[in-house]
Amino acid sequence: MSNGSLTRKLGFWSALAIAVGTTIGSGIFVSSGDVAKAAGTPSISILAWIIGGVIAIPQVMVLAELSTAYPQNGSGYVYLNKAGWRPLAFLYGWATFWALDPPSISIMALAIVSYLATFFPFFSGMAGKLLGIAIILIITSIHYRSVKEGGLFQVIITAIKIIPFLIVIVLGLMYMNFDNFAYTLGPGAEKTSLIGGVSATTWAYTGMAAICFMAGEFKNPGKILPRALISSVFIVLALYTLLAVCVIGLMPFDKLMNSNAAVSEAVKYIPGLSDIASSFVAVTAIIVILGSLSSCIMFQPRLEYAMAKDGLFFQRFAKVHPKYETPSFSIIIQITYACILVCFSNLTVLLGYFTLIQLVINIMDFAAVYKCRKREDYNPIYRMPMWRLTTILAILGASWLAWGTFTWAPIQGVIAALIVIATGLPVYYYWERKYGTKNKNDSDIVA
């Protein structure tokens, strides 16, 4: 029976599945074309995928150190709080709950419905929205009843979602046309851009940090979290790079640069799959997005749970189910909010506007290691090599992505930031006056 806290039940494979499963999402189906267009040549395109993964390595190393120093649920919220930036820590969670996490769940559910509609056209309009809500509720029921069973499901669905990519890679290597790699830009064409290509890969590599939100529920976090974080980067890096090589080898590069569904079109060049390419990719997309949806439903409610335990969110969010030992109220409210959002449109635009805030706070997360290292209670089991250089590289990589997002929607990003500050700070000061600094995060997890 639960004593009111979450317990450590998850192992390494669950951690790895959450990290990989969150990272490999729907973006990979379109990003190959974007990277090719930005890079300009096959060799630079492949190099961009490699560098994009390498950039993520110092970032996960910083998170590995912070998460083993403070193996508690909440990820960035915990690190910002420990660094002494409590208002910023609150705004991190405030923006995440209202404008990022539930909308992302809704968007993924609707994306699954859109692919299912290729097989069952009647899932459109309200029927499609109801199906999206049903998918969310079914996945939620797994993670609500047991974190251990939820972890097992995540391992299974992540393993399944990698299989279609491996099929494309193996067959792609068998049937690729090496002449495609000899493509060169014609006269008057835009110049190649390695920076542009790497920037286009960045979103595809986002997601490994998901396990830090559940750091308080992993057994032996000092060993599991660094291994899972660093392993996930290399797994995703290898998968993406091999997939990029195969896509380039299968279809002419000029067509790849103008493709909005590169993987789908590349499959058409594989003998035996050409007639079923659309169906193959649709099924693959459903499985891939389902895995990401499951991961998000699993880890996202842990942030609000951690904030509530610390007196900086609605207290009911700290409730732990006495039988299932999951943050039941936090899960229910977040999923209810997500189901309501399924009925709205333009959620992708909303997510894009508020993403800039999240990226800026991520930069602060990495910077927090400088402040945390001065604390007496800072005793990480894992310490990153050359920590100053590694942290600087992590900050530079995150800043690069933040700048790219800002150039995409500068006015909207600023407006979103002002909305978060205007709505969040009054609530923060209210809760601070009412509950004070509880600092419960140090003892909210039982071994």
Side-chain angles (χ1 to χ4, degrees), residues 20-21 23-39 41-42 45-46 48-49 107-124 128 131-132 135 156-183 197 200-201 203-204 235-293 348:
V20 174
T23 306
I24 301 175
S26 59
I28 187 62
F29 292 96
V30 297
S31 57
S32 295
D34 294 335
V35 173
K37 184 175 182 180
T41 67
S45 179
I46 296 170
W49 281 106
I107 290 170
M108 283 187 282
L110 290 173
I112 293 173
V113 171
S114 68
Y115 282 106
L116 283 171
T118 61
F119 303 104
F120 310 103
F122 52 83
F123 283 127
S124 60
L131 178 60
I135 292 171
I156 295 171
I157 194 67
T158 300
I160 293 174
K161 73 189 289 183
I162 291 177
I163 292 174
F165 290 120
L166 294 179
I167 292 174
V168 173
I169 289 171
V170 171
L171 294 178
L173 292 173
M174 292 173 58
Y175 294 106
M176 68 169 53
N177 181 356
F178 289 95
D179 292 339
N180 292 343
F181 294 94
Y183 174 85
T201 70
W203 282 118
I235 290 172
V236 175
L237 169 59
L239 189 67
Y240 284 172
T241 302
L242 288 171
L243 193 62
V245 170
C246 291
V247 168
I248 292 172
L250 287 170
M251 63 186 299
F253 195 76
D254 56 342
K255 293 184 178 179
L256 174 59
M257 289 191 294
N258 296 305
S259 174
N260 293 320
V263 175
S264 177
E265 293 183 19
V267 171
K268 295 178 181 178
Y269 288 85
I270 299 177
L273 290 182
S274 57
D275 295 334
I276 60 169
S278 298
S279 298
F280 176 83
V281 172
V283 171
T284 301
I286 291 169
I287 298 171
V288 167
I289 302 171
L290 189 63
S292 297
L293 176 64
T348 304

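Positions are given from 1, in the same order as the sequence printed here.
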Exercise for the section: Could you tell me whether the side chain of Asn180 and the main chain of Phe253 form a donor-acceptor pair under 3.5 Å? Expected result: no
Exercise for the section: Could you tell me whether a side-chain N or O of Ser292 sits under 3.5 Å from a main-chain N or O of Thr23, the two making a donor and an acceptor? Expected result: no
Exercise for the section: Might you point out which heavy atoms bring Ser264 and Val281 nearest each other, and give the distance in Å? Expected result: CA-CG2, 3.3 Å
Handout entry: Donor-acceptor under 3.5 Å (Lys161 side chain, Ile24 main chain)
Key = yes
Problem - Taking every non-hydrogen atom, the tightest pair across Ser124 and Pro121 - result: OG-O, 3.6 Å
Handout entry: Val20 vs Leu239 side-chain heavy atoms within contact, under 4.5 Å
Key = no
Practice task
Indicate yes or no: at least one non-hydrogen side-chain atom of Tyr183 is less than 4.5 angstrom from one of Ile248.
Solution key: no
Problem - Over all atoms of both residues, closest heavy-atom pair of Thr118 and Ala282 - result: OG1-CB, 3.9 Å
Completion exercise
Nearest heavy-atom approach of Ser278 to Lys268 is OG-CE, 4.5 Å
Handout entry: Heavy-atom donor-acceptor pair, Ser259 side chain to Leu256 backbone, under 3.5 Å
Key = no
Practice task
Grab the two heavy atoms, one from Ala204 and one from Trp49, that are nearest each other, plus how far apart they are.
Solution key: CB-CZ3, 3.9 Å
Exercise for the section: Would you mind reporting whether Tyr115 and Ile289 have side-chain heavy atoms less than 4.5 Å apart? Expected result: yes
Exercise for the section: Could you tell me whether Phe122 atom CZ has more than 12 heavy atoms of other residues or ligands within 6.0 Å of it? Expected result: yes
Practice task
Measure the acute angle between the ring planes of Phe123 and Phe120, then classify it against the limits of 30° and 60° as parallel, tilted or perpendicular.
Solution key: perpendicular
Completion exercise
Scanning both residues in full, the closest heavy-atom pair of Cys246 with Ile169 reads SG-O, 3.3 Å
